[in-house]
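Taking it in order: structure first as structure tokens, then the write-up.
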Amino acid sequence: MDVFWRQGYQATSLSDLTAAMGINPPSLYAAFGDKEHLFLAAVERYESLGHGSAGCILEEAPTARDAVELILKETASELTKPSQPKGCMLITAATNCSAESAHIQRALAKRRAEQKKHLKDRIAKGVANGELPRGADAGALADFYTTVLTGMSMQARDGATRKTLLATAETAMRAWPK
């Protein structure tokens, strides 16, 4: 998982993977079939460890605003942990793929779209509950905060600190409708 996260799908070779896993190519093929299936298993593992997923926060936060703010703050911390590659694997692992790997990009885009839908649904619930002004556009807000999260991932990849990303989160929350 860390090799794909750090290097991306396209740039990761079978020799990188077998070296990281301490196995030979036939063992990799026997266990996963091919690089693509191993990558998809790595993405599953990434998500199962809680990376790139804000489901609990969206469900447990008392308001939509609290949920979005907490997601931004937690993301700032998660993206800059010294014990793991920087950035979000769902965003960075298939950014620069060839046409042959377009299906990998689509698979990650689908996962990101599902996350955005959950965010939109939570914001829409906030609108319905009167937490936001009537007529607030849940879709536009979800698009905006998803864009902020994506940008935070790229900034982390480029070396941004937790403090810098928390400042970004704070600034983004100023756009929340009153």
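Here the NE2-NZ distance, from His103 to Lys110, works out to 14.0 Å after rounding to the nearest 0.5 Å. In this structure, Leu108 CG and Leu90 CG are separated by 6.0 Å, a value rounded to the nearest 0.5 Å. With values rounded to the nearest 0.5 angstrom, Ile71 atom CD1 is found 5.5 Å from Ile57 atom CD1.
The main-chain N or O of Gly126 is never found under 3.5 Å from a side-chain atom of Asn129 such that the two would form a donor-acceptor pair. Side-chain N or O atoms of Lys81 include none that pairs as donor or acceptor with a backbone N or O of Lys86 at under 3.5 Å. Proximity of a side-chain donor or acceptor of Thr164 to a complementary backbone N or O of Ala160 within less than 3.5 Å is not detected. Under a 3.5 Å cut-off, the side chain of Thr146 and the backbone N or O of Asp143 do not form any donor-acceptor pair. Under the 3.5 Å distance criterion, the side-chain polar atoms of Arg134 are left unmatched by any main-chain donor or acceptor of Ala128. Side-chain atoms of Arg157 do not come within 3.5 Å of backbone N or O of Thr92 as any donor-acceptor pair. A side-chain donor-acceptor contact under 3.5 Å links Thr18 to the backbone of Leu14.
Criterion: ILVMFWY side-chain heavy atoms under 4.5 Å apart, direct or through other members. Under it, Tyr9 and Met154 are not part of a common hydrophobic cluster.
Between Glu47 and Arg111 there is a salt bridge, with a side-chain nitrogen of the basic residue lying less than 4.0 Å from a carboxylate oxygen of the acidic one. Of the charged side-chain nitrogens involved, at least one lies within less than 4.0 Å of a carboxylate oxygen, so that Asp121 and Lys117 count as a salt-bridged pair.
In the displayed structure, Phe144 atom CZ is contacted under 6.0 Å by more than 12 heavy atoms of other residues, nucleotides or ligands. In this structure, Lys120 places its NZ atom where only 12 or fewer heavy-atom neighbours from other residues, nucleotides or ligands lie under 6.0 Å away. Sparse packing is recorded around CZ of Arg162, with 12 or fewer heavy atoms of other residues, nucleotides or ligands lying under 6.0 Å away.
Side-chain contact between Leu141 and Pro177: present, with at least one pair of heavy atoms (C-beta onward) separated by less than 4.5 Å.
Exactly one residue among Leu166, Leu165, Ile91 makes a side-chain contact (heavy atoms from CB on, under 4.5 Å) with Met152. That residue is Leu165.
A cation-pi arrangement is absent between Lys116 and Tyr145, since the terminal nitrogen or guanidinium carbon is not both under 6.0 Å from the aromatic centre and inside a 45° cone about the axis.
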Trp176 vs Ile123, side chain to side chain contact (heavy atoms under 4.5 Å, CB included): CA-CA, chis, key distance, verdict: CA-CA 11 Å; Trp176 191 260; Ile123 294 169; 4.1 Å; yes
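With 3.5 Å as the limit, one finds a donor-acceptor pair spanning the side chains of Gln84 and Glu78. Between the side chains of Thr63 and Glu131, no donor-acceptor pair is found at a separation under 3.5 Å. His37 and Asp34 are linked by a side-chain donor-acceptor pair at a separation below 3.5 angstrom, with hydrogens and angles left out of the test.
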